Amino acid sequence: KQLGAMLPDETLRHDVNLFTTLNRWMLALWLILIFSAILLPQFSLSQPALQIQVWAGRAELAALLFLGLAPLSITMALIWKTKEVILDSVFGGK
């Protein structure tokens, strides 16, 4: 985020601010999901709540993969775009 603030490209600065915030929210939600997956099975639940827990357990892997890998891919894309902007400004374009 700090590197993006120093770059000359206004669009990249805006993208870095937007996606950094998005990444933080997704990673926070990922941590909450991990902790709930660890803590919820410890409680004794009624039958309807147990069925919901079984369904959530099936969807848990997909949610954890998405919330864990999406910030990584967004960050890698921003790094690539930052590299391109720096190379264009140093070497004068393609």
Side-chain angles (χ1 to χ4, degrees):
K1 189 173 182 178
Q2 292 173 349
L3 175 63
M6 296 185 290
L7 292 173
D9 189 359
E10 180 66 31
T11 304
L12 182 60
R13 281 196 304 261
H14 177 69
D15 287 348
V16 167
N17 287 332
L18 176 72
F19 289 119
T20 302
T21 305
L22 179 66
N23 280 351
R24 287 181 181 169
W25 279 106
M26 283 196 295
L27 288 173
L29 185 59
W30 185 68
L31 285 174
I32 290 170
L33 188 62
I34 293 258
F35 286 129
S36 66
I38 293 170
L39 294 177
L40 280 179
Q42 307 301 324
F43 299 109
S44 60
L45 301 172
S46 64
Q47 185 63 25
L50 190 59
Q51 290 175 347
I52 292 172
Q53 183 183 5
V54 168
W55 178 84
R58 292 179 183 160
E60 178 183 17
L61 180 61
L64 286 175
L65 282 173
F66 174 76
L67 292 174
L69 293 177
L72 177 66
S73 63
I74 290 170
T75 302
M76 290 177 67
L78 286 174
I79 289 171
W80 185 269
K81 185 168 180 163
T82 303
K83 177 196 71 101
E84 291 294 321
V85 167
I86 290 171
L87 288 177
D88 285 345
S89 68
V90 170
F91 295 113
K94 297 177 181 178

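As the structure is a prediction and not an experimental result, all values here were calculated from the model.
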Next item on the list: Establish whether Ile79 and Met76 are linked, either directly or via other cluster members, by ILVMFWY side-chain heavy-atom contacts under 4.5 Å.
Entry: no

Next item on the list: Grab the two heavy atoms, one from Ile74 and one from Phe19, that are nearest each other, plus how far apart they are.
Entry: CG2-CB, 3.5 Å

Margin query: To check you understand the geometry: which heavy-atom pair defines the closest contact between Pro71 and Phe66, and what is its length?
Written below: CD-O, 4.1 Å

Check: How long is the gap from CD on Glu60 to CG on Leu65, to the nearest 0.5 Å?
Finding: 10.5 Å

Item checked: Option from Leu31, Ile34, Ile32, Leu29 for which side-chain contact (heavy atoms from CB on, under 4.5 Å) with Leu67 holds -> Leu29

Next item on the list: Enter the distance from Glu84:CD to Leu12:CG here, rounded to the nearest 0.5 Å.
Entry: 11.0 Å

Check: Roughly how far, to the nearest 0.5 Å, is the CG atom of Asp88 from the NZ atom of Lys83?
Finding: 9.0 Å

Next item on the list: Group every Ile, Leu, Val, Met, Phe, Trp and Tyr by side-chain heavy-atom contacts under 4.5 Å, then state whether Leu22 and Trp80 land in the same group.
Entry: no

Next item on the list: For Thr20 and Asn17, indicate whether the former's side chain and the latter's backbone hold a donor-acceptor pair under 3.5 Å.
Entry: no

Check: Can you hop from Leu72 to Trp25 via hydrophobic side chains spaced under 4.5 Å?
Finding: no

Item checked: Thr21 side, atom OG1; Arg24 side, atom CZ - distance, nearest 0.5 Å -> 6.5 Å

Margin query: I'd like to know if Leu33 and Leu61 are part of one continuous hydrophobic network [Ile/Leu/Val/Met/Phe/Trp/Tyr, side-chain heavy atoms within less than 4.5 Å].
Written below: no

